[in-house]
There are 2 protein chains.
Amino acid sequence: MNTIWIVEDHAAFRRTLERVLNAETGLQCTRDFDSCEKLLAALAHDDAPHLILLDVGLPGMSGLAGIRFIKERAPKTLIVILTVFEDDDKVFQAVCAGASGYLLKTSSVTEITQAVRDALAGGSPMTSRIARRVLDMFTKFAPKHSDYGLSEREKEILQLMTTGLIKKEIADRLTLSVHTVDTYLRRIYEKLEVNTRTGAVAKALKEGLV
Amino acid sequence: MNTIWIVEDHAAFRRTLERVLNAETGLQCTRDFDSCEKLLAALAHDDAPHLILLDVGLPGMSGLAGIRFIKERAPKTLIVILTVFEDDDKVFQAVCAGASGYLLKTSSVTEITQAVRDALAGGSPMTSRIARRVLDMFTKFAPKHSDYGLSEREKEILQLMTTGLIKKEIADRLTLSVHTVDTYLRRIYEKLEVNTRTGAVAKALKEGLV
DNA sequence: TGAAAGCCCGCATGCTCATGTGGCTGAGCA
DNA sequence: TGCTCAGCCACATGAGCATGCGGGCTTTCA
């Protein structure tokens with residue numbers, strides 16, 4: 001039996017959800033809250049449920065902030081967001097904080113029930129519009145993987161630079177002379193079109209060269 | 001009328017898809033290919049379609065590699081992946097390359113048709129299992145946002161460091177004395193537990209401090 | 001009302017860096 | 001055969017760096 005908690009300030013909607021979920025075999029809604037604070041209080045001394053249906057856009061503590069707390073105290077508990085918002089920032093924050101599903105409140109109770117089952121079965125239910133948002137953010141944040149024609153050895157040295165080592169340390173690490181490291185740095189600077197190690201490291205990390 | 005191209009090496013499946021999509025109002029499957037190479041050749045001289053249904057796991061050029069080419073030549077064309085694979089690496093690469101949907105071949109033709117409509121309407125259809133994969137990757141790659149208690153001014157200077165500026169330039173940029181910048185750098189080094197600008201920049205970029 | 005913390009400035013010292021110049025080897029290509 | 005290019009080494013010099021010390025002024029909060 002999978003236990004579910006609901007956090008939702010709209011009393012009528014909350015009760016409807018509860019009733020519908022309890023009518024399902026294998027699902028049991030054991031607790032419900034009208035604020036995130038109360039949920040956190042309950043988490044402090046009771047066992048966490050398998051899944052939490054969480055309204056973001058609650059009065060008081062933002063549901064978004066709540067996700068982090070939940071994930072800290074009960075990392076295994078699945079969190080399915082229930083919201084009227086569909087904007088990038090909200091979605092982004094929820095996803096980063098570790099939500100496992102993202103539903104719109106306009107969804108039917110059938111859809112919500114199905115989503116709960118999906119999430120429990122290892123899926124991440126979300127509308128395709130929200131999925132698009134997530135994918136867009138992904139491509140935006142993914143490293144660019146530019147190519148400056150660095151050789152393997154050059155990349156190796158660049159990588160060591162990004163760990164904060166100084167020339168001498170790099171030389172020792174690779175059993176080379178500092179002069180040799182010097183030579184590589186020049187070439188790296190030339191290829192990356194920078195003239196300081198800081199610039200090189202910044203470029204390497206920003207563009208995923210290492 | 002939305003135009004669709006299909007890239008799929010299994011001839012029978014390709015024809016079925018084509019027939020089903022053409023039976024839909026508003027959709028028209030104008031071309032079909034049994035390899036990625038042929039698709040790219042067609043893209044070179046013909047107008048790109050609105051959407052491409054792409055099989056990854058084709059003989060010859062990988063469909064995955066094909067995505068990048070398609071996105072280069074026709075950035076606006078939506079790409080919906082059709083695959084038997086569900087492993088992290090494939091999904092990750094497809095998502096990074098800019099796919100707008102990710103379907104399993106076990107989907108019914110009705111589901112595929114619906115997915116095509118979803119994608120054209122601005123969504124990113126995918127199964128909830130795949131969505132979970134994407135979300136997991138997202139949390140894995142998202143900046144950690146560690147907090148070292150840096151002040152605003154310190155962050156500002158750290159940020160300027162990540163652009164490759166030297167002390168003097170930072171001082172000029174903020175109309176400060178180099179000595180003041182020195183003082184900040186000390187504090188930043190102390191807080192980040194590093195002792196070179198390279199280390200500071202690396203830590204800042206790796207942990208999303210800026 | 002006094003301590004703490006953020007912001008700002010100064011100087012000196014020794015270390016590290018960037019960059020100029022030069023050289024040697026071996027692999028691969030034309 | 002001669003060329004380029006990656007990899008390695010060397011030395012010198014001026015600029016830039018980290019870090020030691022010192023000071024001041026304001027805001028915040030207990």
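In this text, all values refer to a predicted model and were calculated from it rather than measured experimentally. By convention in this document, chain letters (A, B, ...) are assigned in the order of the sequence lines, proteins followed by strands, and residues within each chain are numbered from 1.
Here the P atom of nucleotide C/dC17 and the CE atom of A/Met161 are 10 Å apart, to the nearest Å. C/dA18 atom C1' lies 17 Å from atom CD of A/Glu193, rounded to whole Å. Here the P atom of nucleotide D/dG16 and the CD1 atom of A/Ile166 are 19 Å apart, to the nearest Å. Taking atom CD of B/Glu190 as the reference point, atom P of C/dC7 lies 14 Å away to the nearest angstrom. Following rounding to the nearest Å, B/Glu154 (CD) and C/dA5 (P) show an atom-to-atom distance of 12 Å. When the P atom of D/dC21 is taken as reference, atom NE2 of B/His179 falls 18 Å away, rounded to whole Å. The CZ-C1' distance, from A/Arg197 to D/dA18, rounds to 13 Å in whole Å. Regarding B/Glu152, its CD atom lies at a distance of 8 Å from the P atom of C/dC7, rounded to whole Å.
One distance of note links CG of A/Leu205 with CE of A/Met161; it measures 10.0 Å at 0.5 Å rounding. Remark: B/Met126 CE to B/Ser100 OG distance equals 9.0 Å, nearest 0.5 Å. Interatomic distance, CD of B/Glu18 versus OG1 of B/Thr16, reported as 9.5 Å (0.5 Å rounding). Rounding to the nearest 0.5 angstrom, the gap separating the CZ atom in A/Arg187 from the CG atom in A/Leu185 is 11.0 Å. Between the CG atom in A/Leu54 and the CG atom in A/Leu78 there is a gap of 13.0 Å [rounded to 0.5 Å].
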Donor-acceptor contacts under 3.5 Å from residues 66-77 of chain B side chains, at least two apart:
{"from": "B/Lys71", "atom 1": "NZ", "to": "B/Pro75", "atom 2": "O", "distance (Å)": "3.1"}
{"from": "B/Lys71", "atom 1": "NZ", "to": "B/Thr77", "atom 2": "O", "distance (Å)": "3.2"}
{"from": "B/Thr77", "atom 1": "OG1", "to": "B/Pro49", "atom 2": "O", "distance (Å)": "2.8"}

Listed pairs under 3.5 Å, donor-acceptor, residues 38-46 of chain A side chains, sequence neighbours left out:
{"from": "A/Lys38", "atom 1": "NZ", "to": "A/Asp34", "atom 2": "OD1", "distance (Å)": "3.0"}
{"from": "A/His45", "atom 1": "NE2", "to": "A/Ala41", "atom 2": "O", "distance (Å)": "3.3"}
{"from": "A/Asp46", "atom 1": "OD2", "to": "A/Arg31", "atom 2": "NH1", "distance (Å)": "2.5"}

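Look at B/Lys105 and B/Asp55 and you find a salt bridge, because one of the NZ, NE, NH1 or NH2 atoms lies within 4.0 Å of a carboxylate O, short of that distance. A salt bridge links B/Asp172 with B/Lys168: the distance from a Lys NZ or Arg NE/NH1/NH2 to an Asp or Glu carboxylate oxygen falls below 4.0 Å.
At a threshold of 4.5 Å between non-hydrogen side-chain atoms, the residues B/Leu192 and B/Leu150 count as touching. Residues B/Arg129 and B/Leu104 form no side-chain contact, since every pair of their non-hydrogen atoms from C-beta on lies 4.5 Å or further apart.
An end-to-end axis angle of 50° holds for the helix from C/dT1-D/dA30 to C/dC29-D/dG2, taken from five base pairs per end and rounded to 10°.
Here B/Arg187 does not reach the OP1 or OP2 of C/dG6: none of its side-chain N or O atoms lies under 4.0 Å away. The side chain of A/Arg153 places an N or O atom within less than 4.0 Å of a non-bridging phosphate oxygen (OP1 or OP2) of D/dC8.
When distances run from any side-chain atom of B/Thr180 to the nucleotides D/dA6, C/dC8, C/dG6, the shortest one goes to C/dC8. Considering only the side chain of A/Tyr184, D/dG7 comes nearest among D/dG7, D/dA18, C/dC9.
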Point to revise | B/S/- contact track for nucleotides 19-28 of chain C, protein heavy atom under 4.0 Å | key: BBB-------
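The stretch residues 168-178 of chain B has no heavy atom under 4.0 angstrom from DNA chain D at all.
Judged as a salt bridge (Lys or Arg N to Asp or Glu O under 4.0 Å), and not counting sequence neighbours, the contacts of B/Glu156 are B/Arg153.
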